[in-house]
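I have placed the structure first, in the form of structure tokens, so that the comments after it can refer back to it.
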Amino acid sequence: MAHFLKDKVCVVGVGETKYTRGTASTTLQDALEASAKALADAGLKPHDIDGIVSNAGLAPAPETLAANLGIRELKFAVGNTVGGGAGACAGLQIAATAIAAELATTVLMPVGWHSYSGLRVRKLGSEVDLTTVPGPIGATIADFYMPQGAFVPAHFYGWMATRYVQEYGVKPQSAAAVALAARRHCHLNPLAYMRGRPLTLEDYLNSRIISYPFRLNDCCLETDGACAIVMTTAERARDLRKPPVYISGCAEGHPYPDDDFGARTDLLHIGLTDAAPKAYAMAEVTPADLDFAEVYDCFTYVVLIELEALGVCKRGEAGDFVRGGAIELGGRLPILTHGGLLSEAHLAGASHIVEAVRQLRRECGERQVKDAEVGVVTGWGDFGDGSIAILRR
Amino acid sequence: MTNPGGKYQLPLPARMGLAAEFYRYCKAHELRFQRCTDCGAWRHLPRPMCPECGSFNYQWARASGRGKVYSWITVVQPMLPAFNDAVPYIVPLVDMEEGVRMVAMLEGVAPEAMHIGMAVEVYFEDATPEITLPRFRKAR
């Protein structure tokens, strides 16, 4: 019997602001602008919204958004999804569950983040007081990692990447393939921050080491902007402005222990390792059915490990899989068709959902994946929390 | 991190909750981890409850300080000015003999000499009169 969530809820509207470095705006204003665009995209009015999910504390509080949008009866509000960049896909799951359970009919999920002008993740421990970081990671870093010189994502995920490189002999050229694919794709995306700025393999290999094994070009961008996603019942979705995109499968996963990156028996067993099989089962698809993959790309090596967790290739084999064009447009499984966090902008995973929706509506012009029917989006955050959504047209 | 003639520059632990107890033993140059007095399981980071059996009973048991490198980072770009003189530095994850894993800077090993399974041991650095930090060095 099909899972009760399968294909019950659709994404019906998406929108975003411009992506910049430096802004005179606020995250509230940006989140509202993206929300207004997402509502217009769906052909809905603000008062049609009766639920709001705010991603991982990166968007303003649902109550604030509702007050600005004029939502008189907010029936469902979630103010802080889990897991940093895993929060966007996890938010789809929360919204889909609420809608399928008839707690709300139409849910808005905005993500507004000024990761360049506001909270810069690379400033953890300096401009950001770790003891005030919400969730499980702040105290761990403040008490046990930072005094030993490990306090930003390039450090934590570097432990994982080193283990991965050592265990499987992964070459920098494989990580480069991810960075180069994202960059090539971003040139076809008018919104992408790095559009028109070429990146060659030589540039990549010559880029400075930040923290072994990460070079500068293994690391994602920090940008300012917002995007928003509107979801409603499949029944309502059929009458709205754009073709519905169905949430066929969704899941989240949390590695153990989730508050201490270093302590994992197997550092390469990530949240997505547990989440992916559940999402495939719900959607009743296999990795072979995927037409594209918007894989959360905070760092190139993380993408390789996620591709394995997704079952796209076996453990240790992603390094070979990504070389030779398989992950580029026209290849076996194009990834990051918008440019991703590496080359478009850092919206904590929400722009990956926006792109997947547009691909499935076949609105992507030059970067359109031909005949796209099914796509996957993943989220990744904090110390390796994972989330996944399988979407279909 | 030796810092001849100068004040200790690097960030110090916040020492919140049970972490304060861990560092109190460090000040006495003792590496101790929590050990459940009901099921005997060792644990680190410090927690109120035993994740193996659910017991709230534990002792701070003396650890050998010896372990093997599971993974590491070599930090090249300082992400805080305090680390300007420290780079490049190595921060390994170490599988300790008691079965827990621990994070601390590794002193005296060149980045190119690093490998999984390298035997290391804990020593203590008195950072300030109040705070002592565990560090790793190559096992003797």
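Values in this document were obtained by computation on a predicted structure and should not be read as measured data. Per chain, numbering begins at 1; letters A, B, ... match sequence-line order.
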Evaluate whether atom NZ of A/Lys278 has more than 12 neighbouring non-hydrogen atoms of other residues, nucleotides or ligands under 6.0 angstrom away.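 Yes, the 6.0 Å shell around NZ holds more than 12 heavy atoms from other groups.
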
How are the rings of A/Phe144 and B/Tyr23 set to each other: parallel, tilted or perpendicular (split at 30° and 60°)?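 Parallel.
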
Chain B contact via [X] - side chain, backbone, both or neither, heavy atoms under 4.5 Å:
X        : answer
A/Leu216 : neither
A/Pro257 : side chain
A/Tyr256 : side chain

Looking at A/His155, A/Arg264, A/Met160, A/Arg163, which makes the most heavy-atom pairs under 4.5 Å with chain B?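 Most pairs with chain B among the choices: A/Arg163.
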
Which residue out of A/Gly262, A/Ala139, A/Gly158 racks up the most heavy-atom pairs below 4.5 Å with chain B?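 If we count pairs closer than 4.5 Å to chain B, A/Gly262 comes out on top.
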
When rounded to the nearest 0.5 angstrom, what is the spacing between OG1 in B/Thr74 and CD1 in A/Ile209?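 If I round to the nearest 0.5 Å, the distance is 9.0 Å.
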
Atom CH2 in B/Trp72, atom OG in A/Ser211: separation rounded to 0.5 Å?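 Answer rounded to 0.5 Å: 12.0 Å.
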
Test your reading of the model: is there a side-chain donor-acceptor pair from A/Asp143 to the backbone of B/Ala19, 3.5 Å cut-off?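 No; judged by distance alone, with no hydrogens or angles, the pair does not exist.
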
Within the distance-only criterion (no hydrogens, no angle test), does the side chain of B/Ser71 pair as donor or acceptor with the backbone N or O of A/Trp159 below 3.5 angstrom?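 Yes.
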
Quick one: does [X]'s side chain get under 4.5 Å of [Y]'s, heavy atoms only?
X        : Y        : result
A/Glu167 : B/Ile116 : no
A/Thr162 : B/Met114 : no
B/Tyr70  : A/Leu267 : yes
B/Leu45  : A/Thr140 : yes
A/Ile210 : B/Val75  : no

What part of B/Val103 is in contact with chain A, defined as an atom under 4.5 angstrom from a non-hydrogen atom: side chain, backbone, both or neither?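 Both backbone and side chain.
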
Using non-hydrogen atoms only, which part of B/Phe22 is less than 4.5 Å away from chain A: side chain, backbone, both, or neither?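 Side chain only.
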
Counting only non-hydrogen atoms closer than 4.5 Å, can you tell me which residues of residues 145-153 of chain A sit against chain B?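 Residues in range: A/Tyr145, A/Met146, A/Pro147, A/Gln148, A/Gly149, A/Ala150, A/Phe151, A/Val152.
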
Among B/Ile73, B/Val76, B/Leu12, who wins on heavy-atom pairs under 4.5 Å with chain A?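 Answer, by heavy-atom pair count under 4.5 Å with chain A: B/Ile73.
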
In terms of heavy-atom pairs under 4.5 Å with chain A, which of B/Pro134, B/Ala82, B/Pro111, B/Pro92 leads?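 Most heavy-atom pairs under 4.5 Å with chain A: B/Pro134.
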
Check ion pair B/Arg101-A/Asp260 (N to O, under 4.0 angstrom):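 Salt bridge: no.
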
Any side-chain hydrogen bond (donor to acceptor under 3.5 Å, both in side chains) pairs touching residues 28-38 of chain B, not counting sequence neighbours?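 Found B/His29-B/Asp126, B/Glu30-B/Arg32, B/Gln34-B/Arg43, B/Asp38-B/Ser55, B/Asp38-B/Asn57.
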
